[in-house]
Q: 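The structure under discussion is supplied below as structure tokens; questions concerning it will follow.
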Amino acid sequence: MSDTPPIVELRGIRRSFVKDRQLIPVLQDINLAVQADEILCIVGESGCGKTTTGKIIAGLLDPSSGEVIVNGRPTESYQGREKALLRRQLQIVHQDPFASLNPAHTIGDILSFPLKRHRMTEGGAGLKRRIWELLTMVDLTPPGDMVNKYPHQLSGGQRQRVSIARALTVNPKLIVADEAVSMVDVSIRITLLKMLLRLRAELGLTIVFITHDLALAKYFAWEGRIAVMYLGRIVEIGRTQEVIANPSHPYTRALLAAVPEADPELTRHKQAIRLRSDDIPRLTDIPRGCAFHPRCPYFIPGMCDSDLPELASAPGFDQQVACIPVQRGLPLHVHESQVAAEAHP
Amino acid sequence: MIGFATIATPIGLLIGLVCGLVPLAAGVYYKQIPVGVIGVIACVISGFACGFLGGVPMILLTYGVVLSYAYVNRQDPFTSRAALIDVTFEESRVEQFQRSMANLGNSIRGAWRALTRNKAGFLGFLGLTFFLVVMVFGPLFIKYDGQAHMERRVPGAFAMVAAPSAEFPLGLDWKGRDVLSHMVHGGQTLIITSIQAGIFATVIAVVLGSLAGLVGGVADQIISTIANFILTIPAFPLLIVLAALVDLDSGFLLAVLFGVLNWPTLMRAVRAQVLSLRERDYVQAAVALDLGLWHIIAREVFPNMVSYIAVNLIFTIRIAMYSVVGLVFLGLVPLKEPDWAIMIFTGRQQGVLFLPQAAGMLLSPIVAIALFQLSLVLFARSLEEIFNPRLRAGV
Amino acid sequence: MTALPVTSAPPTLPNDPKTAPTLRQQWRRIRRSYLFKVIVQGLVTIWAVTTLTFFMIRQMPGNPFQVRIDDLMTRQSLTYEEAYRAAATIFNFDPDRPALLQYADYVGDLLQGDMGMSITRSGTTVSSLILRYLPWTLFCIGLALVISFTLGIVLGLAIGYWRGTWFDNLVTTLASIISGIPDYIIALLIILVFGVQLGWFQIGQSRGGVDPTITPALSVAYIASILQYSFLPILIYVLSSVGSWILAMKNSTLSTLGEDYIAVAQARGLSQNRILSAYIGRNAMLPLITRLAISVGFIIGGSVIIEEMFQYPGLGRNLYIAISTRDYTMMQGIFLVITAAVVLSNIVADLALGWLDPRVRLDKGDEL
Amino acid sequence: MTYKPDEVVLSIRDLSVSYGAQRGRVRAVQNVSFDLHAGETLALIGESGCGKSTLNLALIRQLPKTASIDGGSVLYTYRDGRQVDVLKYTKQEMRRYLWAECSMVFQGALNSLNPVIRISEMVYETGEAHGIPRLEARDRAMRLFEQVRLDAKRVFTSYPHELSGGMRQRVLLALSLILRPQIVIMDEPTTAVDILTQRSILDVLKVLRAELNFSVIFISHDLAVAAEIADTVATMYAGEIVERGPVNDVFYRSRHAYTLSLLNAAPRLSAGAETLDSIPGSPPDLIVPPPGCKFHPRCAYVQDVCRTVPPPLVAYDDGKRLAACHATEQVQQDAQATRILSPDAILPIVKGGVS
């Protein structure tokens with residue numbers, strides 16, 4: 001780990017939303033440090049709070065409680081010009097190409113607003129040159145065709161490129177890609193990811209990549225880290241190569257075993273891990289202790305359903321995990337109720 | 001507000017002609033004579049109708065349209081497809097002005113194309129133009145026939161009212177006056193009041209709606225409760241009471257009163273629209289880019305609401321006219337003659353409602369109001385397309 | 001602007017044991033229930049409207065006293081003093097009593113269900129007058145609403161389902177025309193064109209609600225005459241509102257047709273009627289239910305002119321008379337009834353929506 | 001029921017469908033031909049705009065008004081051997097055929113059930129539409145709900161909005177089997193659900209397929225799900241089937257450049273470090289498609305002949321495989337060399353790394 005402070009650190013972050021007169025706790029106690037220049041993937045099923053975490057990292061959403069520390073200083077300590085500069089250093093690329101660009105603006109407008117607003121270029125000529133460079137950087141060539149087009153005249157992939165170019169106008173330090181490629185065709189998805197990797201190397205960017213597609217996460221963050229989330233908590237975080245090859249938390253293992261592979265022999269010999277129940281608990285009544293215990297095949301009564309597991313290291317694993325039996329190195333046996341479940345499928 | 005009647009005078013005609021010279025010269029210079037001529041006519045009409053207020057802006061618009069036909073910017077880097085290095089981005093002030101005028105011209109032509117594409121909408125537009133032309137230019141050609149004409153009474157007839165005849169195409173009213181002159185002069189107060197009322201209601205609704213939508217919290221609660229409260233009281237009876245409350249002589253006060261009463265429905269719609277737009281990704285991206293609250297309201301949220309507001313403005317004008325005519329019809333608002341609504345009211349009051357020969361006096365204002373309302377509704381449809389960038393540009 | 005943070009940390013979730021609910025708990029459950037809130041809101045609105053109208057109508061120029069004096073002077077050409085004395089004897093209305101005291105008495109009586117005495121028609125209570133006129137208006141508006149709503153739903157569904165046919169174009173153009181023209185303009189057009197010019201029916205003699213010569217009884221003649229007299233007002237109410245119902249239902253049908261469950265229903269080989277009724281009809285109708293409540297207020301508003309035009313003895317006309325004769329108590333009474341009707345229709349609409357659309361179940365967890 | 005390659009249930013010949021658009025006819029499906037055998041699961045893979053969904057809507061004749069079937073035949077074989085061209089059916093005949101012979105599971109789980117009526121009503125109405133008495137429809141539904149691992153009693157009486165996305169998809173699956181059809185068409189059934197729910201649906205599907213005899217046309221853009229569930233795979237590009245064959249042949253010995261480049265762009269979780277490469281350019285314009293092979297502007301194996309002569313659909317391995325690619329031998333060689341992972345490169349997840 002480099003000695004410089006993490007670019008963004010979340011400490012004890014909680015976030016709830018009010019939905020028709022009910023308070024719904026989406027994030028409970030997130031502790032996460034995003035190192036400068038790294039690629040961090042946040043994976044999890046829908047409703048696990050990964051998008052909310054991404055928005056808090058990008059400073060677009062305030063936490064209900066807990067602290068957001070940027071470059072070693074809490075966000076509240078930034079005032080005036082410094083706060084404005086900080087605001088521009090954290091950018092986001094959204095999931096839906098159809099909603100991320102304002103239908104009333106041409107591509108030229110979209111890119112020139114931030115450039116003009118923050119006087120990143122001098123005069124009309126400088127503005128045009130910068131727009132030309134940005135469009136070329138995201139492979140939207142020839143720029144001449146793109147500038148006067150409206151978003152509805154572009155394909156999904158092209159729109160995401162405009163989204164990325166827009167984020168780059170203010171020379172950000174960190175970009176949160178919130179499912180940025182999941183609504184684009186498979187073949188174009190990889191070009192976008194490769195472009196993001198290239199831009200990261202060229203511009204020294206930190207990228208937080210949020211996705212529900214584990215295979216994509218493995219490919220994109222192979223050199224970086226991956227964090228697995230379940231019901232508003234991080235259950236496992238570590239270097240991608242360790243987490244994928246040697247998963248520690250039962251939920252991660254279940255996920256990795258459940259994902260089909262684009263390789264017939266490989267995917268048909270994978271042994272899925274049968275969970276004790278299929279239905280996901282509601283956020284309004286999260287199970288006591290480890291939230292996964294009602295579904296976990298290796299559930300140990302008295303341990304898993306009483307105290308709250310914290311992220312900690314565990315024997316035989318480099319990554320951190322929030323599962324008490326694993327932290328204590330206990331062998332994981334399939335719980336007897338699981339056996340009963342198999343008796344009558 | 002500037003009443004139209006006072007301005008539509010010969011001096012306005014002169015101003016219009018002078019302003020028309022600019023588009024004509026541009027037309028000749030850019031070899032677009034027909035477009036230049038249209039430019040001149042536009043300047044004359046607007047100059048004549050509203051003097052300088054109409055003439056001067058028309059110069060810019062028409063010049064832009066003429067330019068857009070001829071404009072090719074050889075040197076604009078984005079159209080010349082050249083590679084980055086050998087492209088010069090320099091552009092002088094004059095060229096920039098030229099380019100912006102060409103863009104203005106293009107957007108006007110785009111609006112015209114969108115307008116003509118929707119048949120029903122265009123029909124509505126024609127209807128409205130007809131009424132406005134009659135209202136502004138009619139009084140010059142047809143003198144207002146104010147005094148009673150005893151001599152026109154048909155011998156032995158019960159009342160002075162006369163059915164349409166060759167000499168009086170729309171017949172005579174109960175004082176033997178020419179109904180046609182009343183029709184031509186009678187539209188102004190009614191139409192102006194309705195438009196003013198519509199604008200007041202829309203402005204209040206948009207301001208309060210965006211406030212409630214953007215700020216939310218307490219402001220939202222207060223505004224919404226007031227709106228619900230006003231909505232519960234049936235609008236028309238309340239208007240009757242208020243109309244009696246305030247002794248209205250001019251249409252302007254009536255318009256303000258109507259505006260105060262009819263903003264809730266539109267406010268609720270605007271608030272819902274703002275709430276939904278606020279959640280859009282591109283608004284959040286604008287927040288991330290630190291483009292400022294003003295930019296978000298004016299450039300991100302508002303352009304997507306313009307077509308919505310324009311359509312609702314038209315509907316509010318329609319409801320306003322409904323209420324104004326209703327009040328006059330019940331005799332609760334003593335508007336001055338000549339006025340379409342008063343013609344109906346006096347028709348009923350004088351008991352001529354059931355006389356067949358009173359058809360001219362009664363039917364003409366009724367048909368006029370019905371047609372005006374109808375063209376408003378139809379025109380609203382093409383407004384939707386004019387302001388919606390997707391529909392207009394994506395042809 | 002980032003969403004406002006919820007400052008309080010999430011409270012510990014209450015999962016109190018399932019003992020028999022104590023009275024306090026039951027009251028809390030009722031208090032939190034949706035229906036209770038809506039009724040309370042309704043009452044508050046009615047009270048607020050009555051208060052507002054109470055003070056507002058007193059600001060109107062002139063008062064019942066002067067109006068009667070002017071009336072006597074003009075019609076029976078009495079001198080001012082004679083008219084004053086004559087008016088004073090009939091009226092029990094004291095014009096210079098401070099408004100606040102009047103208000104206090106009025107609310108006091110109101111709570112006991114007494115809406116006070118009509119000023120101009122002294123001796124008769126406002127409630128008796130309202131009870132006499134309300135049925136007429138209720139009958140007209142009620143019937144008109146039922147007709148135009150059902151007609152709107154059926155026609156809207158038809159042109160939505162068979163869009164693009166000549167039938168669709170015809171009905172859509174007609175609907176947008178009549179929805180564009182105000183109700184009293186339609187009324188005048190009908191009277192003048194069909195009544196006066198073509199003479200299809202005699203306008204002159206159809207005054208009032210029913211032929212006075214027939215004794216009010218459940219006889220066929222009586223009912224026939226009621227229908228005959230109310231035919232025109234109802235026709236105009238229907239014409240003025242059916243247009244917007246048809247267009248609203250058509251748009252709602254078109255958007256419902258785009259839903260997946262329609263494609264699935266067709267793929268399941270369900271009959272066309274089944275799809276039209278249970279799938280498209282029911283789903284497309286939901287948004288119109290809420291509009292129903294709002295349109296009640298609108299039609300009541302329109303009834304003032306229509307009833308005045310046909311001398312129809314309904315609340316609308318009497319409101320107009322009350323306003324012109326400045327009969328304060330009568331006005332307050334009628335405004336109270338109108339607002340109550342609008343509030344009631346809102347509640348009915350909510351209930352209907354709750355019943356028709358399971359997703360909007362009233363008992364969202366807090367059953368009454 | 002195992003897959004019987006000799007018994008054909010559905011045979012489609014030269015099916016073409018096109019849409020009316022401002023700029024001209026969009027030829028979404030162009031003379032597609034393939035057979036579906038009893039008990040077979042055929043996966044149709046391809047990217048958005050390749051025509052797979054249009055093909056399916058054509059099979060059940062639910063195309064939108066703007067679309068028209070320009071030619072071809074869809075021969076369906078009833079259980080009693082009767083053969084009939086579904087495209088010639090009248091509306092009435094079609095209604096009897098739909099769901100009883102060929103049912104469909106749509107992608108949008110959230111919106112495929114009528115929100116205002118209970119699941120029970122849907123079961124009864126489906127039964128009534130096809131002459132199944134209410135009681136029997138109820139029993140079949142309850143048994144099917146058990147088989148798809150649902151709490152049958154609770155689900156039967158609940159409204160759609162009271163069920164989670166995964167449960168709704170399983171209800172749809174059960175509903176599609178209630179009339180015991182011979183064919184079930186599944187249009188991306190697991191795209192809108194999460195990983196664990198997708199896994200439970202796929203497992204349930206395998207169990208159902210083993211117990212009941214029906215064949216499946218499985219549409220997906222997700223190669224992994226196709227690899228897991230399919231017996232045979234067909235790749236579609238720009239409205240045409242460009243390759244068809246048994247799943248292992250198509251995945252390991254692909255004979256079409258597009259299939260291979262699709263595979264090279266699909267990450268595999270257990271494959272450790274991978275160098276993926278995407279397909280340049282963007283999907284072709286279906287109104288004025290490129291000359292010759294429609295994929296040639298984006299193809300790495302492009303030769304001159306590809307630009308002019310449209311490659312014919314050639315049969316290989318005595319008819320078991322079809323491919324339409326001029327460079328098919330070269331493609332197959334590269335596929336064999338790159339697609340099969342060496343055992344040590346595979347991460348331990350596959351070996352069920354649980355003690």
Side-chain angles (χ1 to χ4, degrees), chain A residues 55 58-61 83-88 90-106 108-110 113-118 123-133 135-136 142-153 163 166-167 169-170 172 176 178, chain B residues 73 75-85 87-93 95-97 99-100 102-103 106-107 110 216 276-277 279-296 298-308 387-395:
Chain A
K55 288 201 169 127
L60 292 169
L61 195 62
K83 189 168 197 292
L85 197 63
L86 166 66
R87 170 60 273 153
R88 297 201 293 272
L90 313 169
Q91 289 304 318
I92 189 165
V93 176
H94 292 95
Q95 168 178 9
D96 180 356
F98 300 97
S100 58
L101 300 177
N102 191 326
H105 298 153
T106 62
D109 301 336
I110 292 171
F113 285 139
L115 292 174
K116 274 194 237 155
R117 160 90 178 163
H118 303 303
L127 175 69
K128 284 224 188 83
R129 177 183 300 284
R130 182 65 182 143
I131 290 179
W132 187 290
E133 281 160 13
L135 288 175
T136 325
D145 288 353
M146 291 299 156
V147 166
N148 297 319
K149 280 202 171 129
Y150 282 92
H152 66 271
Q153 293 167 306
S163 232
R166 174 178 58 189
T169 51
V170 287
V176 173
D178 179 5
Chain B
N73 179 345
Q75 202 260 3
D76 177 359
F78 285 112
T79 49
S80 63
R81 285 219 193 344
L84 180 62
I85 355 124
V87 159
T88 55
F89 285 90
E90 274 58 34
E91 198 180 31
S92 69
R93 272 262 154 275
E95 276 154 1
Q96 198 173 8
F97 174 71
R99 195 157 52 77
S100 54
N103 287 342
N106 278 326
S107 58
S276 88
L277 287 175
E279 301 311 320
R280 293 288 166 78
D281 289 349
Y282 53 79
V283 170
Q284 203 166 59
V287 168
L289 292 162
D290 187 22
L291 298 179
L293 186 64
W294 178 245
H295 166 87
I296 288 172
R299 299 303 299 266
E300 302 284 348
V301 173
F302 191 69
N304 290 300
M305 269 178 24
V306 167
S307 81
Y308 195 79
F387 287 109
N388 183 330
R390 182 190 309 269
L391 291 174
R392 198 172 72 166
V395 76

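Quick caveat: nothing in here was measured; it's all calculated off a predicted structure. Letters A, B, ... are given to chains in the order of the sequence lines, protein chains preceding strands, and every chain is numbered from 1.
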Q: Roughly how far apart are B/Asp290 CG and A/Leu86 CG, rounded to 0.5 Å?
A: 10.0 Å
Q: Nearest 0.5 Å, please: how far is CZ in B/Arg299 from CG in A/Asp109?
A: 6.5 Å
Q: Donor-acceptor pair, distance only, cut-off 3.5 Å: does the side chain of A/Arg87 make one with the backbone of B/Ala288?
A: yes
Q: Answer yes or no: is there a side-chain heavy-atom contact under 4.5 Å between A/Pro103 and B/Tyr282?
A: yes
Q: Checking A/Ala58 against chain B: side chain, backbone, both or neither under 4.5 Å from a heavy atom?
A: neither
Q: Between A/His94 and B/Gln284 (side chain of the first, backbone of the second, donor and acceptor by atom type, cut-off under 3.5 Å), is there such a pair?
A: no
Q: Which heavy atom of A/Arg117 sits nearest to which heavy atom of B/Gly292, and what is that distance?
A: NH2-CA, 3.8 Å
Q: Kindly compute the distance separating CG (A/Leu101) from CG (B/Asp281), expressed to the nearest 0.5 Å.
A: 9.5 Å
Q: Taking all heavy atoms of B/Leu291 and all of A/His118, pick out the closest pair and write down the distance.
A: CD2-NE2, 4.4 Å
Q: Specify whether A/Phe113 and B/His295 have parallel, tilted or perpendicular ring planes, treating 30° as the upper limit for parallel and 60° as the lower limit for perpendicular.
A: perpendicular
Q: With a 4.5 angstrom heavy-atom cut-off, which part of A/Ser163 approaches chain B: side chain, backbone, both or neither?
A: neither
Q: Let me know if A/Lys149 has heavy atoms under 4.5 Å from chain B in its side chain, its backbone, both or neither.
A: neither
Q: Got a second to check how far A/His105's NE2 is from B/Glu300's CD, nearest 0.5 Å?
A: 5.0 Å
Q: Answer whether the closest heavy-atom distance between the side chains of A/Arg88 and B/Leu289 falls below 4.5 Å.
A: no
